[in-house]
*Asks:* 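Can you keep this structure in mind? I'll have questions shortly.
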Amino acid sequence: MYQEERLLSIMDFLKENNRISVDQICLLFDVSRDTARRDLVRLEEEKAIVRTRGGAILPSVHDEVKNYSKRLQIVSEEKKKIGKMAASLIYPNDKVILDASTTVQACAEQIENIDCTIITNSINQAEVLSSKPQVNIQLLGGTLQKEHRFLYGSSVVEKLSEYHVDKVFIGVAGISENGFTIVHEEDGVVKRKMIQQAKQVIVLADNTKLGITDFFRFADLQDIDLLITDKTPAKKFRELLSKNKVELLTADLEEGDD
C-alpha cells in the first residue's frame, strides 16, 4: 500500500474511533514502527491530526458562531416548536426575563398579547414584543454587543439585581454533565444573574445542544428547573436530568433512543 492510501485509511480509522496508536498502525497496515511514525508526522504537518504519546487524535473542531441576524435566518421548525411551548407557560401578570438567544426569540414571537412584564437584554426581543400593546417591556441598558445584539456589562448585572421575577427563559450553546455553557463569557455572566433573580429557571435548547460543552459555563444542572427541547433525549441524558432534578418538556412526541 502506498503512503497516500495508508494516510487516507488512517484518517478513516480516526473518524470512526477518534484516536489511533502507533501499534495499531503497524498491525492494521503491516508496517514498521518507523513507517507508522513517519505517517503521523506527515499527517501532523498537514494539520490533520494532533500527535500524542504513542499515537494521534483528531484535532478539535469548533463550529463558526454566526452573528445574530444570520442565526435568525436559519431558525428551525424545532426552535419554533420549542418557542411555542415556552410561550404557553407565560400567564397574565407574570414577571418574566428573556435572554438574547434566537430560541428565546422564537418564544417572544409567540407570546400572547397579555398583561405581563418582560425584562430583557436583547434589542431584538424588545422590538418583537413592541408589537404587543399589553406587554410591558423593560429593556436593560448596557454595552451593546453589535454582532450578537445583546446588552451586557456591570450596569446590566446591577439592574437585574433589582428585579425578582416569576420565570426566566434562557438559551444555551451546550448542555452536558459539565452544566450549561455559552460561547461568550460576557453573555454568560448576564445569564447567571438572570437565573439568580427568578423563581423558575427554564432553558430552551434544541436537540443539537444536548451533550455539548461549549466555552463558558454559566450554570450547573441543578440550577435549572425545566428544560424544553424538541425531541425526547436518549435514556442516559434523561437520567442525568433526573439526577439533577431538572424537569423535561418535549415539543415533539417522538420517543428517544434507549
Side-chain angles (χ1 to χ4, degrees), residues 79 81-122 124-126 128-129 132 134-142 150-175 179-182 186-206 209-210 216-230 233 238 240-251:
K79 287 186 180 182
K81 287 180 182 179
I82 293 167
K84 183 177 181 180
M85 179 168 282
S88 74
L89 301 179
I90 298 175
Y91 304 113
N93 301 313
D94 268 354
K95 308 295 188 292
V96 176
I97 295 174
L98 301 181
D99 80 354
S101 71
T102 54
T103 310
V104 172
Q105 181 166 330
C107 167
E109 289 168 350
Q110 298 177 84
I111 293 173
E112 293 183 15
N113 181 30
I114 56 175
D115 183 10
C116 64
T117 297
I118 305 293
I119 300 155
T120 186
N121 69 323
S122 165
N124 276 57
Q125 318 302 36
V128 166
L129 293 165
K132 304 174 192 288
Q134 293 193 65
V135 176
N136 176 41
I137 306 162
Q138 301 285 338
L139 181 60
L140 298 163
F150 63 83
L151 295 150
Y152 69 96
S154 59
S155 60
V156 173
V157 174
E158 288 169 13
K159 188 63 178 177
L160 276 167
S161 67
E162 299 175 5
Y163 294 113
H164 298 276
V165 302
D166 300 295
K167 303 171 180 110
V168 60
F169 293 85
I170 299 286
V172 300
I175 307 171
F180 293 82
T181 50
I182 198 70
E186 60 267 29
D187 190 19
V189 170
V190 173
K191 290 177 191 284
R192 183 179 290 163
K193 189 61 180 177
M194 288 176 166
I195 287 169
Q196 292 171 1
Q197 303 308 117
K199 293 177 185 175
Q200 185 182 27
V201 180
I202 303 169
V203 168
L204 312 184
D206 66 75
K209 310 294 175 56
L210 308 187
F216 183 79
R217 178 176 60 82
F218 64 88
D220 294 319
L221 286 169
Q222 59 264 33
D223 296 327
I224 308 303
D225 299 301
L226 175 65
L227 168 65
I228 303 178
T229 189
D230 57 301
R238 298 199 305 270
L240 179 66
L241 295 178
S242 180
K243 178 183 176 183
N244 288 277
K245 299 181 180 179
V246 179
E247 292 187 62
L248 175 67
L249 277 179
T250 56

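If you read the sequence from its start, that first residue is 1, and numbering goes on from there. Everything numeric here is computed off the predicted structure, so don't read it as measured data.
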*Asks:* Among Val201, Val203, Asp225, find the one that has a side-chain contact (heavy atoms from CB on, under 4.5 Å) with Val168.
*Replies:*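 Going through the options one by one, the only one that passes is Val201.
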
*Asks:* What is the distance from atom CD1 of Ile170 to atom CD1 of Ile224, rounded to the nearest 0.5 Å?
*Replies:*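 Taking CD1 in Ile170 and CD1 in Ile224, the distance rounds to 7.5 Å.
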
*Asks:* Do Ile119 and Lys95 have side-chain heavy atoms sitting under 4.5 Å apart?
*Replies:*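 Heavy-atom side-chain distance check fails, nothing below 4.5 Å.
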
*Asks:* Considering all heavy atoms of both residues, which atom of Val156 and which atom of Gly142 are nearest to each other, and what is their separation?
*Replies:*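 Residues Val156 and Gly142, closest heavy atoms: CG2-CA, 3.8 Å.
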
*Asks:* Given side chain to side chain contact (heavy atoms under 4.5 Å, CB included), test Lys79 with Thr102 step by step and report yes or no.
*Replies:* CA-CA 8 Å; Lys79 287 186 180 182; Thr102 54; 3.2 Å; yes

*Asks:* Which heavy atom in Cys107 sits nearest to a heavy atom in Leu204, and how many Å separate them?
*Replies:*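 Looking at all heavy atoms of both residues, the closest pair is CB-CD1, 4.1 Å.
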
*Asks:* Are Val96 and Ile90 side-chain neighbours, meaning at least one heavy-atom pair lies under 4.5 Å?
*Replies:*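 A side-chain contact under 4.5 Å exists here.
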
*Asks:* What closest approach, in Å, do Ile228 and Ala86 show between heavy atoms, and which atom pair accounts for it?
*Replies:*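 It is CD1-CA, 3.9 Å.
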
*Asks:* Enter the distance from Glu247:CD to Ile202:CD1 here, rounded to the nearest 0.5 Å.
*Replies:*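 Reported value, rounded in 0.5 Å steps: 10.0 Å.
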
*Asks:* Side chains of Leu226 and Leu249: does their closest heavy-atom pair fall under 4.5 Å?
*Replies:*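 Yes. Closest side-chain heavy atoms under 4.5 Å.
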
*Asks:* Report yes if the side chains of Phe180 and Ile195 come closer than 4.5 Å at any heavy-atom pair, otherwise no.
*Replies:*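 With C-beta onward as the side chain, the pair stays apart.
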
*Asks:* What verdict does the side chain to side chain contact (heavy atoms under 4.5 Å, CB included) test give for Lys191 and Ile182, after you've listed the backbone C-alpha separation in whole Å, the side-chain angles of each residue and the deciding distance to 0.1 Å?
*Replies:* CA-CA 9 Å; Lys191 290 177 191 284; Ile182 198 70; 3.7 Å; yes

*Asks:* More than 12 foreign heavy atoms under 6.0 Å from CD of Glu112: is that the case here?
*Replies:*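 No, the 6.0 Å shell around CD holds no more than 12 heavy atoms from other groups.
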
*Asks:* Is a donor on one side and an acceptor on the other found under 3.5 Å between the side chain of Arg192 and the backbone of Arg217?
*Replies:*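 Side chain of Arg192 to backbone of Arg217, a donor-acceptor pair under 3.5 Å: yes, one is there.
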
*Asks:* What is the minimum heavy-atom distance between Ala126 and Thr120, and which atoms define it?
*Replies:*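 Smallest heavy-atom distance, with atoms named: N-CG2, 4.2 Å.
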
*Asks:* What verdict does the side chain to side chain contact (heavy atoms under 4.5 Å, CB included) test give for Val190 and Leu151, after you've listed the backbone C-alpha separation in whole Å, the side-chain angles of each residue and the deciding distance to 0.1 Å?
*Replies:* CA-CA 9 Å; Val190 173; Leu151 295 150; over 6 Å; no

*Asks:* OG1/Thr229 to CE/Met85 distance, rounded to the nearest 0.5 angstrom?
*Replies:*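 The OG1 atom of Thr229 sits 10.5 Å away from the CE atom of Met85.
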
*Asks:* Is Asn113 reaching over with its side chain to a backbone N or O of Gln134, donor-acceptor style, under 3.5 angstrom?
*Replies:*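 Side chain of Asn113 to backbone of Gln134, a donor-acceptor pair under 3.5 Å: yes, one is there.
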
*Asks:* Between Leu240 and Arg238, is any pair of side-chain heavy atoms under 4.5 Å apart?
*Replies:*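 A side-chain contact under 4.5 Å is absent here.
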
*Asks:* Tell me if a side-chain donor or acceptor on Asp99 pairs with a main-chain N or O of Gly171 at a distance below 3.5 Å.
*Replies:*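 Yes, Asp99 side chain to Gly171 backbone: donor-acceptor pair under 3.5 Å.
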
*Asks:* Would you confirm whether Gln197, through its side chain, and His164, through its main-chain N or O, come within 3.5 Å as a donor-acceptor pair?
*Replies:*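 Answer holds: no.
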
*Asks:* Less than 4.5 Å apart, any side-chain heavy atom of Val172 and any of Phe218?
*Replies:*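 Of all side-chain heavy-atom pairs linking Phe218 with Val172, at least one is under 4.5 Å.
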
*Asks:* How many angstroms lie between atom CG of Asp166 and atom CG of Leu89, to the nearest 0.5 angstrom?
*Replies:*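 With rounding to 0.5 Å, CG (Asp166) is 12.0 Å from CG (Leu89).
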
*Asks:* Please give me the minimum heavy-atom distance between Gln110 and Gly83, naming the atom from each residue.
*Replies:*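 That would be NE2-C, 3.6 Å.
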
*Asks:* Find out whether Lys193 and Leu160 are in side-chain contact, i.e. whether some heavy atom of one side chain is under 4.5 Å from a heavy atom of the other.
*Replies:*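 A side-chain contact exists here, since the closest heavy-atom pair is under 4.5 Å.
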
*Asks:* Can you find a pair of side-chain heavy atoms, one from Asp115 and one from Asn93, that are under 4.5 Å apart?
*Replies:*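 A side-chain contact exists here, since the closest heavy-atom pair is under 4.5 Å.
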
*Asks:* To the nearest 0.5 angstrom, please state how far the NZ atom of Lys132 sits from the CD1 atom of Ile118.
*Replies:*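 Taking NZ in Lys132 and CD1 in Ile118, the distance rounds to 10.0 Å.
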
*Asks:* What is the distance from atom CD1 of Ile82 to atom OG1 of Thr250, rounded to the nearest 0.5 Å?
*Replies:*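 It is 10.0 Å, given to the nearest 0.5 Å.
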
*Asks:* Please report the closest heavy-atom contact between Ser155 and Gly141, naming both atoms and the distance.
*Replies:*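 Taking Ser155 first and Gly141 second, the nearest heavy atoms are OG-O, 3.0 Å.
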
*Asks:* With distance as the sole test, does Asn244 use its side chain to make a donor-acceptor pair with the main-chain N or O of Leu241 at under 3.5 Å?
*Replies:*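 Pair absent, no side-chain N/O of Asn244 close to backbone of Leu241.
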
*Asks:* Stepwise, does the side chain to side chain contact (heavy atoms under 4.5 Å, CB included) test hold for Leu140 with Tyr163?
*Replies:* CA-CA 11 Å; Leu140 298 163; Tyr163 294 113; 4.0 Å; yes

